[in-house]
Amino acid sequence: MYKSTSSLLRATRSKLSSSSKTFAYSHSRTSPSVTANAASSSRAFTSSAARAFTRWSHRLDFSSPISLRAHARALAPLLQRFQRSLASMASENPFKGNLTSLPKPGGGEFGKFYSLPSLNDPRVDKLPYSIRILLESAIRNCDNFQVKKEDVEKIIDWENTSPKQVEIPFKPARVLLQDFTGVPAVVDLACMRDAMNKLGSDSNKINPLVPVDLVIDHSVQVDVARSENAVQANMELEFQRNKERFAFLKWGSTAFRNMLVVPPGSGIVHQVNLEYLGRVVFNNEGILYPDSVVGTDSHTTMIDGLGVAGWGVGGIEAEAAMLGQPMSMVLPGVVGFKLSGKLRNGVTATDLVLTVTQMLRKHGVVGKFVEFYGDGMGELSLADRATIANMSPEYGATMGFFPVDHVTLQYLKLTGRSDETVAMIESYLRANNMFVDYNEPQQDRVYSSYLELNLSDVEPCISGPKRPHDRVPLKDMKADWKSCLDNKVGFKGFAIPKEAQGKVAKFNFHGQPAELRHGSVVIAAITSCTNTSNPSVMLGAGLVAKKAHELGLKVKPWVKTSLAPGSGVVTKYLLQSGLQKPLNEQGFHIVGFGCTTCIGNSGDLDESVASAISENDIVAAAVLSGNRNFEGRVHPLTRANYLASPPLVVAYALAGTVDIDFEKEPIGKGKDGKDVYLRDIWPSTEEIAQAVQSSVLPDMFRSTYESITKGNPMWNQLQVSTDKLYSWDPSSTYIHEPPYFKNMTMESPGAHGVKEAYCLLNFGDSITTDHISPAGSIHKESPAAKYLMERGVDRKDFNSYGSRRGNDEIMARGTFANIRLVNKLLNGEVGPKTVHIPTGEKLYVFDAAMRYRNAGQDTIVLAGAEYGSGSSRDWAAKGPMLLGVKAVIAKSFERIHRSNLVGMGIIPLCFKSGQDAETLGLTGHERYTIDLPSKISEIRPGQDVTVTTDNGKSFTCTVRFDTEVELAYFDNGGILPYVIRNLIKQ
């Protein structure tokens, strides 16, 4: 036995040694790491070793400490060998017999893989492709502790188990971050290292065990537009504002293993992921497996268009995944979405995605995967698919998945992946029944529900004015706009009196007479990876600009136009096609390589324009090629915001208004004095295809990404410490040590209810993360502004909330600071204030929360449906926690936000169907007691709890802890304390 045990131990050491080399690798697209299972396995068998010790120690004299120590010393080597043997056996994968060689066509092998066909289970052949990825991960990571054989069976039996909302663990292959969410994630990791240190453990245990890619793309603002020098000028301002944050991220890239930081000015995270970072199939030291990724941005789903399973999670979940913890998820239902036919001439991928978004919102896909299939797939380019996948959060799905087929392989070659890599990807996916070949007969797959769309039914459209799923056919836009002016204030209404609808605001724009009306376009932005990753719509925009210029049309100078591509490749093909010049002539100069207007970094409007809007109460419009148009997000002064394809962005900029019927009304007059209509400048599908064919070349991708990690002079000049523990600067207004682990001990705080809490805020439906934790500008009179001014920061240097996410003091003050916040406690008044119930005073939300907290009084939030929809933002959960919010009672929650609330120890509760605060007669002036057991063992996922108020009301809610793991997080006071305690116990 001892001989075999030592052999086993040597093999394990060898395996761990090679794994540790993988963990510390310099980042490579073709050789990433696999999460190690050894540490968790040893933890799993500590109790086994204890039982073994009991059997071996029956002769010990427990009354004698000396005798006990002597016996323990004598037995220690034997026990260590025994425990190691058990641990080695425990980590042995029960599916090792399914490990199969994948031969190369010319001899040799690509590597080995866990074969799904070798399971010989007919249920596997019926599984949706997206579920097969979950199955492969479970089989590969099965150690009967973190991932059990029972979990594998649940996934295989998906057809029967998914309707039952069963829980499964999932280990993604990698993690994706952007800087807005990445900074707080790295802050948390640095803070966790400090906590480990203070608790006497090894701080180096806080290190990513899977590849982590962080792309800095959320910081660039459109300060300078309509200028040849805009890119350089905006980058200089970006570095001036964010030097401290960037230095912190650069420190993180050296302090933590497995972390690649892509410098500012390189592109948008999801486009970089699509064109470069996405592996499709990993080959890690001879083990092949599908790429999968979770990201701290809800639009991580864009990679689903490449056949890579990816979706957005909260940063706190992502941090746990980095540290080797399995993600707990409910096994999702899968909506099968069949595509047939072909898009009509002149119809864009943007028109298609807005149509799909509306269909899926209506169908109801929250918490589900959507998988696309059918003959129409062959008519969609990879970029078209990525556009549809990108907007998964807007239609509410966890993923919008396109399985790998020949179109995917062509795209991989186009974007510079090597022929050998593409051959390996195809061979592996075919061998593991994960490749779709539409030239072969298709086996029927089972889906939870079905939808179908004939692509020829899609018509030109835009979405707005306040939500991405409020699609408006282009032919109906003028009528829809008129009704929006008439309608009462809401998602489709501005309540402008009839007599005021024709108002004209005349002003002077730099010596030139100018005027604005309701619906005048003041921002026109080609922005966001949703569309800038798609050459057909980008070149289409260039062709519209070119044709308009040739006919003598020109965008009015007071329209703030901008073009912000998601990668340097776009610049290369626009130059190659000769279309960048006409875009420049219409004011669409490149302003930077980042998210810009799509996330609210639209920069200031000209003072004359801003004054004309404010002084005349004009409902001004922004038209952008983004994926989000929630009120207050794009710019504080644009109350109407429409999502449109890049060619339509140019068209609306030329028209200067959204109050136009493009079919019947001219955009303007040409140089010959004749009317010019949209049809006169709109390119045909064939024209666009020719431009793509001649201008988008593989060498453009190769040359762009060969230099992507080399940075730029401003990045390379940043000096950072080489210490593994971060030196916090107490005077910093960007990076601040958060209080999450203050006074933390190894004892978990346990479960708790809520007693006599005040209502901090009372909301209606569709409160977004933009409302809860705005990413835009810091208002000059807000608590955050006061905090900054007290520390000597000039107003011009406030920067945005998003850029200051590494400072909890500012983010707590910015919580519920959206100027468009509608809080029922204020009786119709709009803004970031609330009523302090005990005194009746109207205060900023932060100030009221501090009053409650300082008085030792808990608070709750009342809300309607879809609470927390929009971008995934940790601070939309961290902020309320720091304000002292103990629970949120809502009609329904957005998926990621509910998870984030649990991760921060806040109790999410849902009203029973048909009930809400209004039907129950709740005003928010009551005090609320939530009757939750104090023992975690007495709480079940999804159980009913009773809520009572101090005025005698009582109602039942469902507690939205959805899994056993989430209960463990709650018991520990949140996910991060849970991870720290677990790592120390290991």
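Bear in mind the structure is a predicted one, so any value in this text is a computation, not a measurement.
Between Phe701 and Tyr411, the ring planes lie perpendicular to each other; the angle is over 60°, past the 30° to 60° tilted range. Ring geometry for Phe372 versus Phe402: interplanar angle under 30°, hence parallel rather than tilted (30 to 60°). A parallel orientation is assigned to the rings of Tyr276 and Tyr705, their planes being inclined by less than 30° (bins at 30° and 60°).
Between Asn432 and Pro117 the shortest side-chain heavy-atom distance falls below 4.5 Å. Between Ser392 and Phe401, the closest side-chain pair of non-hydrogen atoms is not below 4.5 Å. Using a 4.5 Å heavy-atom cutoff, the side chains of Arg445 and Arg132 are in contact. Between Leu119 and Ile139 there is a side-chain heavy-atom pair separated by less than 4.5 Å. Considering only heavy atoms from C-beta on, Tyr373 stays 4.5 Å or farther from Tyr129 through its side chain. In this structure the side chain of Asp297 never reaches within 4.5 angstrom of the side chain of Leu176, judged on heavy atoms. Within the 4.5 Å cutoff, no side-chain heavy atoms of Met329 are placed close to those of Thr398. Looking only at side-chain heavy atoms (C-beta outward), Asn207 and Asn258 stay at 4.5 Å or farther from each other.
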(message) For Tyr428 and Val280: C-alpha separation, side-chain torsions, deciding distance, then whether side-chain contact (heavy atoms from CB on, under 4.5 Å) applies.
(response) CA-CA 10 Å; Tyr428 167 77; Val280 185; over 6 Å; no
(request) Let me see the working for Leu102 and Thr100 under side-chain contact (heavy atoms from CB on, under 4.5 Å), right down to the final yes or no. (result) CA-CA 7 Å; Leu102 182 66; Thr100 304; over 6 Å; no
(message) Apply salt bridge (Lys or Arg N to Asp or Glu O under 4.0 Å) to residues Arg430 and Asp437 and explain how you reach the verdict.
(response) CA-CA 9 Å; Arg430 283 186 180 276; Asp437 191 334; 3.0 Å; yes
(request) Determine, step by step, whether Val570 and Gln271 satisfy the side-chain contact (heavy atoms from CB on, under 4.5 Å) criterion, reporting the C-alpha distance in whole Å, the side-chain angles of both residues, the deciding distance to 0.1 Å, and the verdict. (result) CA-CA 11 Å; Val570 179; Gln271 189 163 342; 3.7 Å; yes
(request) Start with the C-alpha distance between Lys171 and Asp143, add both sets of side-chain angles, then the distance that settles salt bridge (Lys or Arg N to Asp or Glu O under 4.0 Å), and finish with yes or no. (result) CA-CA 12 Å; Lys171 285 192 164 189; Asp143 61 356; 5.5 Å; no
(message) For Val281 and Phe113: C-alpha separation, side-chain torsions, deciding distance, then whether side-chain contact (heavy atoms from CB on, under 4.5 Å) applies.
(response) CA-CA 11 Å; Val281 173; Phe113 68 101; over 6 Å; no
(request) Start with the C-alpha distance between Thr408 and Asp405, add both sets of side-chain angles, then the distance that settles side chain to side chain donor-acceptor pair (under 3.5 Å), and finish with yes or no. (result) CA-CA 5 Å; Thr408 320; Asp405 60 12; 3.2 Å; yes
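Side-chain contact check for Lys572 and Ser703: at least one donor-acceptor pair (N or O, by modelled atom type) lies under 3.5 Å. Side-chain contact annotation: Asn273 with Arg174, donor-acceptor N/O pair under 3.5 Å present. Thr350 and Asn531 form a side-chain donor-acceptor contact under 3.5 Å, judged by distance and modelled atom types alone.
A salt bridge links Arg702 with Asp699; the closest basic N to acidic carboxylate O contact falls under 4.0 Å. Look at Asp213 and Arg279 and you find a salt bridge, because one of the NZ, NE, NH1 or NH2 atoms lies within 4.0 Å of a carboxylate O, short of that distance.
Looking at Glu317, its side chain never comes within 3.5 Å of a backbone N or O of Ser899 through a donor-acceptor pair. Side-chain N or O atoms of Ser536 include none that pairs as donor or acceptor with a backbone N or O of Asn534 at under 3.5 Å. A distance-only check finds no donor-acceptor pair linking the side chain of Trp311 to the backbone of Gly400 [under 3.5 Å]. Here the side chain of Thr161 pairs a donor or acceptor atom with the backbone of Lys154 at under 3.5 angstrom. In this structure, Ser253 contributes its side chain and Leu260 its backbone to no donor-acceptor pair below 3.5 Å. Looking only at distances, no side-chain donor or acceptor of Asp304 sits under 3.5 Å from a matching main-chain atom of Met399. Between the side chain of Lys250 and the backbone N or O of Trp715 there is at least one donor-acceptor pair closer than 3.5 Å. Formation of a donor-acceptor pair under 3.5 Å by the Lys205 side chain with backbone atoms of Leu983 is found in this model. With Ser137 contributing its side chain and Ile133 its backbone, the two residues share no donor-acceptor pair below 3.5 Å. A donor-acceptor pair under 3.5 Å is formed between the side chain of Glu371 and the backbone N or O of Ser130.
Across all non-hydrogen atoms, the minimal contact from Gly305 to Ala389 is N-CB, 3.6 Å. Considering every non-hydrogen atom in both Ile388 and Tyr395, the closest pair reads O-OH, 3.0 Å. Across every non-hydrogen atom of Ile708 and Ser266, the tightest pair is CG1-CB, 3.8 Å. The heavy-atom pair separating Val272 from Gly566 by the smallest distance is CG2-O, 4.2 Å. For the residue pair Lys149 and Asn144, the shortest heavy atom distance occurs at N-OD1, 3.1 Å.
A side chain to side chain contact (heavy atoms under 4.5 Å, CB included) with Ser298 holds for exactly one of Glu394, His897, Met391, Arg628; it is Arg628. Put simply, the residue from Thr387, Thr527, Asn390 that forms a side chain to side chain donor-acceptor pair (under 3.5 Å) with Asn627 is Asn390.
The distance between the ring centers of Tyr114 and Phe95 does not fall below 6.0 angstrom.
For Arg140 and Tyr289, the positive end sits near the middle of the six-membered ring, less than 6.0 Å away and at most 45° from its axis.
Shown here is Glu153, whose CD atom has more than 12 heavy atoms of other residues, nucleotides or ligands within 6.0 Å.
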